[in-house]
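Working notes, beginning with the structure itself.
Counting starts at 1 for both ligands and their atoms, following the listed order.
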Amino acid sequence: MSKVVLCYSGGLDTTVCIPLLKERYGFREVITVTVNVGQPEEELKRAEERGKKYADKHYTVDAVDEFVNMIFMLIKANGDYEGYVLGTALARPLIARKVAEIAVKENADAVAHGATGKGNDQLRFDNIFFEYGFKVIAPMRELNLTREWEIEYAMKNGIDIPVTKDKPWSIDENLWSRSVEGGELENPSTVPPEEIYEWTMRKAEEDEIIKIDFEKGIPAALNDERMNGKELIQELNRIGGEHGIGRTDMMEDRVLGLKARENYEHPAATILITAHRDLEKLVLSRRELKFKRFVEEEWAELVYYGLVNDPLFDALNAFIDKTQERVSGWVKLKLGNNYVMPVARDSEYSLYREELVSFDSLGIDQSLAEGFSVFHGLQGRIFRKMMK
Ligand code: ARG
């Protein structure tokens, strides 16, 4: 074995993997790859510095635009798994693809990642790496290392340690969401300390109303200013965060069946999906909305499970894209103290007809409803009478 390409975040686990891959697995060359999916600048810089310092070769790959396109698909699908907005889940297969492409180019013998054997990320990474035919090394899963051992091993190998004892959080952050796990959060009956939050700190003193334009299900403008996806999401994370919007503290069912306590921050995700759902209710038919809910549930599960290479995913996306052809228009939302709510909406494809529904007009002869009403509920009435 000579060459391995490592999925690299710059944190303790993946950094410890570098000497481990040499010592324990006998690789002669370790190449680190960090994929930019919108994590903070400092984190990317740190990963690049540490990769260059500790590995034999380092790559940073920019995948932000591709990630934004995946987020657009997620918005069209109102992506939600048990209340989780799927930020990490959506990014993993994209990261894996970018790493695999480098491994192909480098003619590597294997790829490696730092995921443990308890979570979902291992499944999401492995599935894509196996698709490329790579052997996968996951030291954290295979070697059962404790944090203390890792810290000691890092020090022995001249690696400086980015975590401190009083901040034991495992954080995964990208453009769409920030997840915090570990430490005392692992006890679901403990209220999290405020310090775990970074995106949702309420500063705004007054409610505000914002306007979002959608084109075929994709957010295109904020307050009548056209923006690309990255800018729009960053801006909504900022504005929404100031109202304390988009915090989730939840129990989650992992793919393996383990229940986990999860804490998330995701202001833009909450705002955009709230707006998108509202616009869909204006333009999609009752039947479309009902059927789409099942499709969304399946869609979210495929993403959560890391099964986005399943042909079903393409088929669901084709259905969703078809429905989105008419999801164009705007929604106004009120951002209040820890909440967001739609307060106005309009679309050229609206199925709403004021003249039909209004109390003040005679657009339709309402006396016709009398006949409809005679048949409505007929079976229930027969049943009740029969049972008396
Ligand atoms: N529970 C979430 C998921 O499965 C978030 C995982 C976050 N990963 C992490 N290494 N902190 O997608």
Side-chain angles (χ1 to χ4, degrees), residues 6-17 33-35 37-40 43-44 46-47 67 70-71 73-74 77 79-96 99 112-128 136 138-141 145 147 150 162-163 167-188 192 195-200 246-266 269-270 273 297 299-308 313:
L6 169 67
C7 232
Y8 189 64
S9 72
L12 177 67
D13 287 347
T14 52
T15 307
V16 161
C17 282
V33 180
T34 303
V35 181
V37 283
Q39 54 274 60
E43 197 180 312
L44 285 168
R46 185 193 64 173
F67 189 47
M70 294 173 78
I71 292 173
M73 203 59 227
L74 182 144
D80 172 332
Y81 173 82
E82 297 185 350
Y84 162 44
V85 301
L86 293 166
T88 301
L90 192 69
R92 293 313 192 195
L94 175 60
I95 294 171
V99 171
H113 62 71
T116 71
K118 295 194 173 173
N120 302 313
D121 288 335
Q122 54 174 338
L123 308 170
R124 299 166 181 154
F125 284 134
D126 287 357
N127 184 25
I128 301 302
V136 178
M140 298 302 134
R141 173 170 67 189
L145 310 172
R147 207 149 190 92
E150 280 182 36
V163 287
K167 283 205 178 156
W169 321 119
S170 162
I171 294 164
D172 185 62
E173 189 168 338
N174 62 40
L175 187 60
W176 197 234
S177 67
R178 179 171 181 273
S179 113
V180 192
E181 299 174 335
E184 66 198 90
L185 301 176
E186 288 180 350
N187 180 352
E195 63 160 69
I196 68 164
Y197 301 112
E198 278 183 10
W199 290 13
T200 53
R247 261 190 202 185
T248 306
D249 184 327
M250 64 181 279
M251 296 307 299
E252 180 174 304
D253 291 291
R254 289 187 182 162
V255 180
L256 269 64
L258 298 166
K259 282 197 184 286
R261 194 273 188 90
E262 299 285 347
N263 283 276
Y264 298 113
E265 295 182 286
H266 42 82
T270 297
I273 292 197
E297 173 109 18
W299 191 96
E301 195 166 296
L302 286 177
V303 169
Y304 188 78
Y305 279 51
L307 298 177
V308 292
F313 192 62

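Put simply, CH2 on Trp169 and CG on Leu185 are 4.5 Å apart, with the number rounded to the nearest 0.5 Å.
Shown are Phe313, Tyr81, Tyr305; of these, the ring pair (Phe, Tyr, Trp, His ring centres under 6.0 Å) with Trp299 is made only by Phe313.
Scored by the side-chain hydrogen bond (donor to acceptor under 3.5 Å, both in side chains) test, Arg261 finds Asp249 as partners (sequence neighbours excluded). Checked against salt bridge (charged side-chain N to carboxylate O under 4.0 Å, His left out), Glu173 has the following partners two or more places apart in sequence or in another chain: Arg178. In this structure, Glu150 has no salt bridge (charged side-chain N to carboxylate O under 4.0 Å, His left out) partners at least two apart in sequence or on a different chain.
Judged by the 6.0 Å distance and 45° axis criteria, Arg254 is not positioned over the aromatic ring of Tyr304.
Listed by chain and number, Tyr84, Thr88, Ala89, Arg92, Asn120, Asp121, Arg124, Ser170, Asp172, Ser179, Glu181, Glu252, Glu262, Tyr264, Tyr304 each place a non-hydrogen atom less than 4.0 angstrom from ligand 1.
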